[in-house]
Amino acid sequence: MIEVTLANGQQKTFPCATTPADIARSISERLLKEAVVARVDGELVDLNTPIARDSRVEILTRTHPEVLDVIRHDTAHLLAEAAKELYGDAIQITIGPSIENGFYYDIAREEPFTPADLEQLEARMREIVDRDESIVREEWDRDEAIKFFKGIGEHYKAEIIEGIPVGDVVSLYRQGKFMDLCRGPHFPSTGKIGKAFKLTKLAGAYWRGDSKNPMLQRIYGTAWASEKDLKEHLFRIEEAEKRDHRKLGREMDLFHLQEEAMGSTFWHPKGWTLYRTLQNYIRGKLEKAGYVEVNTPLLLDKKLWEASGHWDKFRQNMFTFSDGENTELALKPMNCPAHVQIFKQGSKSYRDLPMRMAEFGCCHRNEPSGALHGIMRVRNFVQDDAHIFCREDQIGTEVKKFYELLQDVYEDLGFSEFKVKFSDRPEVRAGSDDMWDRAEEGLKTALESENIPYIMNPGEGAFYGPKVEFVLRDALGRDWQCGTLQVDYVLPERLDASYMGEDGQKYRPVMLHRAVLGSLERFIGMLIEHHGGKFPVWLAPVQVVVMPITSDSNEYGAMVVRKLKEIGIRVEEDFRNEKINYKIREHSLKKVPYLFVVGKKEEEQQTVSIRKLGGETQEVLALSAALAKLESEGKIPSETIRRLSDK
RNA sequence: GCCGCUGUGGCUCAGUGGUAGAGCGUACCCUUGGUAAGGGUAAGGUCGAGAGUUCGAUUCUCUCCAGCGGCACCA
């Protein structure tokens, strides 16, 4: 007999090898009917997994949040079964995990799948749900399983099992005539999976994620616990499409891209205003945080990149050419080596440290064509880059100061949430293990002493040092890695930077690479999507449009425009011979935060009728009050630094 | 770079083996209208580029380019 503790704390005894299904039945027929998987001592298992010892058992139904993953995984199996039924030996199945919002299955097939195939597959998946096939776990000997999958022509599956140690037992799941290698758990039958799923897209994907391997066809799908959840998800996708920065960039006349300059941005007047506003905002913050701004050459001799180590690792992603004489040059892909050159001019003393050197550095990287994406991933971009040259014992304070700056900026820009990721040494790297130990330790200590919670991101550091990444969550719940902070002992060594210490000896400075926004292009793309184009007033490229009701009020309107310009508001006038409805609609679609309507009444009383973007009503304010309102709302929020400590 | 899809006026998109159409936008005219589209007229296209099949290609085939969705990459 075993003793089972239920979720409500109740204890019951059952015969040995009782299954969660038996337990559910003992509680109520209804629970048995609704049960889909169980959690035994913290681990999710099938309903018919025998329980061998005293355990805590929780019976889960489909509405439990952890079950969603199982639903998605089950749906992936439905897809594989449907595909085998429809295409048989013409395909091989490989892997099909659950992912955020859904699942995918990678399938090997000569012929490409078409959207029509997706419809067929989806219809067949629904049939399999209707058939309500039992899903049964079987334990196989490893070698037997390999033989089995080879026998049915599933060589990818066989290859996966070959990676499992000899003598191990592998679990297979059988549903109808379909067998798949799988760890589980799964629902007891296909009928319970439900039909709140949809196949969404087709894509290529490399076998085992390696570009040297053959390419498989990946079918993506989304799956949910209920039809309602599915609908909501599809609605969210539609909303995201409406906010696409490429679409809004065009509609709001911010920028454009074209073939002749692929991967580079043509900033239109309004977009450039936005860009400059953001840049000036950051510039103000940096100045108050004790940075100095510099500017360095775009073109640098290849020798410098060889010395820094970038040539070795990134040459294929650099734009290089000869000057026609003896020199090979590269467009800088980043600013660090150039900043070291400035540091090296003259001799530096420990008294000069920390030296915080910032640059809105214009970088070029020859990104693979398939990587380009709107203005989010481009070949020509500007970073809000800076390098802090400091002593090792100053790392902690500098990390703290940077973190404060970062929090301050993110808050101003309308982000309330961000995550911190810690990336440690990658496989291919520069510098000794000893150096990496020190760099990783120093950075971790700095984070921990500031009580900054972080998650590990193993092996993802830069080639010269460990990296902290700051990941913003936008209004649609998507994550964007923006800020970064990297500790680097390698470059100062390689490029021979030094300072004189208190004892008159030469020392190597440590270099902290850091950015708050990352690439301005990418950040602006993200800002556009985060705000759906409806920027806070201080960022909006056009803050106010003044529009007279009839041409009789043009003169008064022009005066209002003049007054707004005098106080530095970005204002446009719309004196066209159009109805007020038409103008309201047009400028609302262009997402102008404030529309000032002026007519006879306003002129007589020296007021303006204000319509705020998204509002249904209007507010009539004295002109002087309206000016004061805009002046305060339109101000760049860098006037005060809230949490920044003094140097 | 790899796999798939797409490429028609400024934008969104129809369409056809016999060299093209709509809506919006633009220009002009009428309209002076109080908070999300007033009316009329007109202009505007080498149908992504090149080659091939054909009497004839925007349409079919091939190559290339770019965009889109993924994968790989991301100092």
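Chain naming here is simple, since letters A, B, ... match the order of the sequence lines and numbering starts at 1 in each.
Looking at heavy-atom distances under 4.0 Å, H373(A) makes contact with sugar-phosphate atoms alone, never a base. Residue contacts for E111(A): at a heavy-atom cut-off of 4.0 Å it reaches no nucleic acid atom on any strand shown. Residue F113(A) is out of contact with every strand shown, counting any heavy-atom pair closer than 4.0 Å. The residue A205(A) sits close only to the backbone: its heavy atoms come under 4.0 Å of sugar-phosphate atoms, none of a base. As judged by a 4.0 angstrom heavy-atom cut-off over every strand, K467(A) is placed among residues touching the sugar-phosphate backbone only. Contact annotation for D210(A): no contact, since no heavy-atom pair falls under 4.0 Å across all strands. In this structure, K583(A) reaches neither bases nor backbone, as no heavy-atom distance under 4.0 Å exists between it and the strands shown. Residue K212(A) is classed as having no contact, given no heavy-atom separation below 4.0 Å to the nucleic acid. If you check every strand for non-hydrogen atoms under 4.0 Å, P112(A) touches sugar and phosphate atoms only.
Using cut-offs of 30° and 60° on the angle between ring planes, the pair H513(A) and Y464(A) is parallel. Relative ring orientation between H256(A) and F266(A) is described as parallel, the plane-to-plane angle staying below 30° on a 0-90° scale split at 30° and 60°. Taking the six-membered ring for Trp and thresholds of 30 and 60 degrees, F319(A) and H364(A) have ring planes more than 60 degrees apart, a perpendicular arrangement.
Base pairing analysis places C13(B) opposite G21(B); the two distances defining the Watson-Crick or G-U wobble pair are each below 3.5 Å. The base-pairing partner of A75(B), taking Watson-Crick or G-U wobble contacts with both distances under 3.5 Å, does not exist among the strands shown. Nucleotide G69(B) forms a Watson-Crick or G-U wobble pair with C3(B), both donor-acceptor distances falling under 3.5 Å. The pairing partner recorded for A27(B) is U41(B), the criterion being a Watson-Crick or G-U wobble arrangement whose two distances lie under 3.5 angstrom. When Watson-Crick and G-U wobble pairs are counted only if both distances are under 3.5 Å, U32(B) pairs with no nucleotide at all. Across all strands shown, G56(B) forms no Watson-Crick or G-U wobble pair with both distances under 3.5 Å. When Watson-Crick and G-U wobble pairs are counted only if both distances are under 3.5 Å, U63(B) pairs with A49(B).
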ring-ring contact (aromatic ring centres under 6.0 Å, His included) assessment of Y156(A) paired with W207(A) = CA-CA 9 Å; Y156(A) 288 96; W207(A) 166 234; 4.8 Å; yes
From CA spacing to verdict: salt bridge (Lys or Arg N to Asp or Glu O under 4.0 Å), K270(A), E572(A) = CA-CA 12 Å; K270(A) 291 194 177 81; E572(A) 284 187 352; 3.7 Å; yes
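Taking the P atoms as reference points, G21(B) lies 16 Å from U58(B), given to the whole Å. Going from the P atom of C60(B) to that of G39(B) covers 39 Å, rounded to whole Å. Comparing the P positions of U16(B) and G10(B) gives a spacing of 23 Å, expressed to the nearest Å. The separation of G25(B) from G7(B), taken at their P atoms, amounts to 25 Å, rounded to a whole angstrom. Across U26(B) and G67(B), the matching P atoms stand 29 Å from one another, rounded to whole Å. Distance check on atom C1': C47(B) versus G34(B) gives 46 Å, rounded to whole Å.
Looking at R429(A), its side chain has no donor and acceptor atom pair within 3.5 Å of the base of A75(B). Contact annotation: side chain of Y206(A) to base of G1(B), donor-acceptor pair present below 3.5 Å.
Set against C73(B), A36(B), G34(B), the side chain of R611(A) has A36(B) as its closest nucleotide. Listed nucleotides A75(B), G67(B), G1(B) differ in distance to P368(A); the shortest reach to its side chain belongs to G1(B). Comparing atom distances between the Y582(A) side chain and each of A75(B), A37(B), G33(B) picks out A37(B) as nearest. Of all nucleotides listed (G34(B), A36(B), A72(B)), A36(B) comes nearest to the side chain of S588(A). Taking the side chain of Q486(A) as heavy atoms from C-beta on, and the options G33(B), G34(B), A75(B), the nearest nucleotide is A75(B). Here the nucleotide nearest the side chain of A371(A), chosen from G70(B), C73(B), A75(B), is C73(B).
A residue-by-residue look at L589(A) and S211(A) shows that L589(A) has its nearest nucleotide of RNA chain B further toward the 5' end. Both R377(A) and G599(A) lie near RNA chain B, and the one whose nearest nucleotide falls closer to the 5' end is G599(A).
Counting only N and O atoms by type, the side chains of N101(A) and T222(A) include no donor and acceptor under 3.5 Å apart. Checking Y594(A) against E633(A) by side-chain atom types alone, a donor-acceptor pair falls below 3.5 Å. Between the side chains of Y206(A) and R208(A), no donor-acceptor pair is found at a separation under 3.5 Å.
Phosphate proximity of C68(B) to K201(A): absent, as no side-chain N or O sits under 4.0 Å from OP1 or OP2. Side-chain nitrogen and oxygen atoms of Y220(A) include at least one within less than 4.0 Å of the OP1 or OP2 phosphate oxygen of C71(B). For G67(B), the OP1/OP2 oxygens have no side-chain nitrogen or oxygen of R246(A) closer than 4.0 Å. OP1 or OP2 of G1(B) lies within a sub-4.0 Å distance of a side-chain N or O belonging to S369(A).
Using a 4.0 Å cut-off on heavy atoms, the residues of residues 249-262 of chain A that approach RNA chain B are R250(A), E259(A), M262(A), listed by number.
Here F463(A) does not pack flat against the base of A75(B), since the 5.5 angstrom centre distance and 30 degree tilt limits are not both met.
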